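Ligands are counted one by one from 1 in listed order, and the atoms in each one are counted from 1 as well. In what follows, every heavy atom counts, from backbone to side chain, and hydrogens, waters and symmetry copies are set aside. Just so it is clear, the model here is predicted, and its values are computed rather than measured.
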Amino acid sequence: MGARAVAREAATPADDGRTSVADFDVLVLGAGSGGYACALRAAQLGLSVGLVERDRVGGTCLHVGCIPTKALLHAAEVADSAREADKVGVLARLDGVDMAGVNAYKDGVVSRLFKGLTGLVRSRGITVIEGEGRMTGPTSVTVGDRTVTGEHLVLASGSYSRTLPGVEVDGERVLTSEHALSLDRVPASVVVLGGGVIGCEFASVWRSFGAEVTILEALPRLVPSEDEACSKALERAFRKRGIGFHTGTRVEGVTATDDGVAVTVEGGGVHEAELLLVAVGRGPHTDGLGYAEQGIELDRGFVVTDERLRTSVPHVYAVGDIVPGLQLAHRGFQQGLFVAEQIAGLDPRPIDESAIPRVTYSHPEVASVGLTEEQARAQHGDAVATVTYDLGGNGKSQILGTQGFVKLVSLVDGPVLGCHLVGDRVGELIGEAQLIYGWEAHADDVAPLVHAHPTQNEALGEAHLALAGKPLHAHS
Ligand code: NAD
């Protein structure tokens, strides 16, 4: 335990008049994206910070989420490039995928980032308290036999992989994404339960590595929360890649077979494979942490907050996946920064949830910000205009051999309300789309901006030219 041994001597008057001696100005429970971002910013602002973590600083994103998954996806891209090298006249071939080597590469990326992060936390003077923390007072957390107190407490306990009744995860044949990340082989065949973000990313990786993949998705389309055009384009691309999928198909249960699993779906169909990946969403990790006992209002396990991320208990905030909304690391970072600044009295602007970018890093990628066409039409009716610019007209996309589009959703003579992209590497373009959305730009504001040629980024510029009524490399 590295907790600071001596409590601050001076009593700090809190803004509600209470007087207390707290170990820290800010005590953070959970050192994932939301928690560590809050800790780093609070320390930067001169506050003393305690950070309670039962596992490793960095949380799901760094150790068993975003970073290792994207490393696998990069290895998958390299495999595809080798397999298709002859298309560009390069004599190379894919002899196979050595999972030990892939995992060593992936783990190397994670451990370098982990080392950097722990160094950063140390250099900012943050006290990391190792162990399972439990809220045992209005702003206190007990770790083992020690109780630490903060003037303010930030709950950042993250999320876990959910499963379904009738689908028991054993880590051998029925896996969550965490198990899938440390698999020591390329499976011959996989059924993926859920065609959301995790399902599509792993389906993409395994297919690139040579597995037979079938996705089962209950809703009518893959990545169902994205604009329908993106789902259709991803489905087309997956079909071409030989990734099987059944939409409108609800999984009911799974049983073991001699050499794998048999997955039953509503209506009686059965899908057999070596492995089943369960990717039906992530639940908030709030059970058994003393939240309810301390009066924190919960809704189906999520912590209820106001727009300033305050919980129902004074001086207690919540950030990250336990707060209802998009469960994304970058949302957690921003919430963490926000809460730290709020505690420090900087009066930060509440986060606009609709401006949070979303990326599915499959091959091809799907990236979006703002409203889908359906959502925009529901809110604004006929006042909505859309433009779709096909990557077929984009030089760099042709060079890379990727297909897809940029779709803009806008108010007629008004701001851009949504931007939806499909294609390899388009996740890297979402930053500009996000600025356009966030600054409520009109097509006419973007059209005069010069985009470097030849880049995929140009496709965003071309789409705005088209929306402004003056398409260049597209038909009017
Ligand atoms: P998700 O909610 O994106 O997708 C789960 C899918 O499972 C849904 O489409 C749902 O309809 C389907 N489903 C549920 N029950 C089913 C059933 N009985 N039969 C068939 N299908 C069923 O969740 P996820 O993909 O597990 O991801 C979890 C969270 O992690 C998400 O919030 C996601 O945004 C986040 N995440 C993000 C990224 C990224 O940003 N690239 C990557 C991984 C995870």
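- For ligand 1, the polar-atom distance check against L328 finds no nitrogen or oxygen pair separated by under 3.5 Å.
- Relative to atom 41 (N) of ligand 1, the option among V192, T249, V359 with the closest non-hydrogen atom is V359.
- Counting heavy atoms under 4.0 Å from ligand 1, residue L164 touches it through the side chain alone.
- In the candidate list G283, G166, A218, A218 is nearest to atom 22 (C) of ligand 1, counting heavy atoms.
- With a 4.0 Å heavy-atom cut-off, ligand 1 is reached by no atom of R162.
- Some N or O of V251 is nearer than 3.5 Å to an N or O of ligand 1, by distance alone.
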(request) Start with the C-alpha distance between Q327 and S159, add both sets of side-chain angles, then the distance that settles side chain to side chain donor-acceptor pair (under 3.5 Å), and finish with yes or no. (result) CA-CA 9 Å; Q327 291 171 308; S159 60; 4.5 Å; no
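- By the 3.5 Å distance cut-off applied to N or O atoms, L193 is not counted among the residues near ligand 1.
- Every N/O-N/O distance between Y361 and ligand 1 stays at or above 3.5 Å.
- Where the criterion is an N or O separation shorter than 3.5 Å, residue side chain and backbone included, G195 fails it with respect to ligand 1.
- In terms of N/O distances under 3.5 Å, ligand 1 is approached by E201.
- Between H74 and Y105, the ring planes lie tilted relative to each other; the angle falls in the 30° to 60° range.
- The option from V280, L222, V197, V265 that lies nearest to atom 33 (C) of ligand 1, judged by heavy atoms, is V197.
- When the options G199, G194, A279, P220 are ranked by their closest heavy atom to atom 5 (C) of ligand 1, first place goes to A279.
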(message) Applying side chain to side chain donor-acceptor pair (under 3.5 Å) to S208 and R241, what does each step give before you reach the verdict?
(response) CA-CA 9 Å; S208 296; R241 294 184 58 198; 2.7 Å; yes
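- Counting only non-hydrogen atoms, the option in G196, G281, G253 that gets closest to atom 23 (O) of ligand 1 is G281.
- Residues K396 and E458 are not paired through a salt bridge, judged by the lack of any N-O separation under 4.0 Å between the basic side chain and the carboxylate.
- Looking at ligand 1, you won't find any N or O of P224 less than 3.5 Å from one of its N or O atoms.
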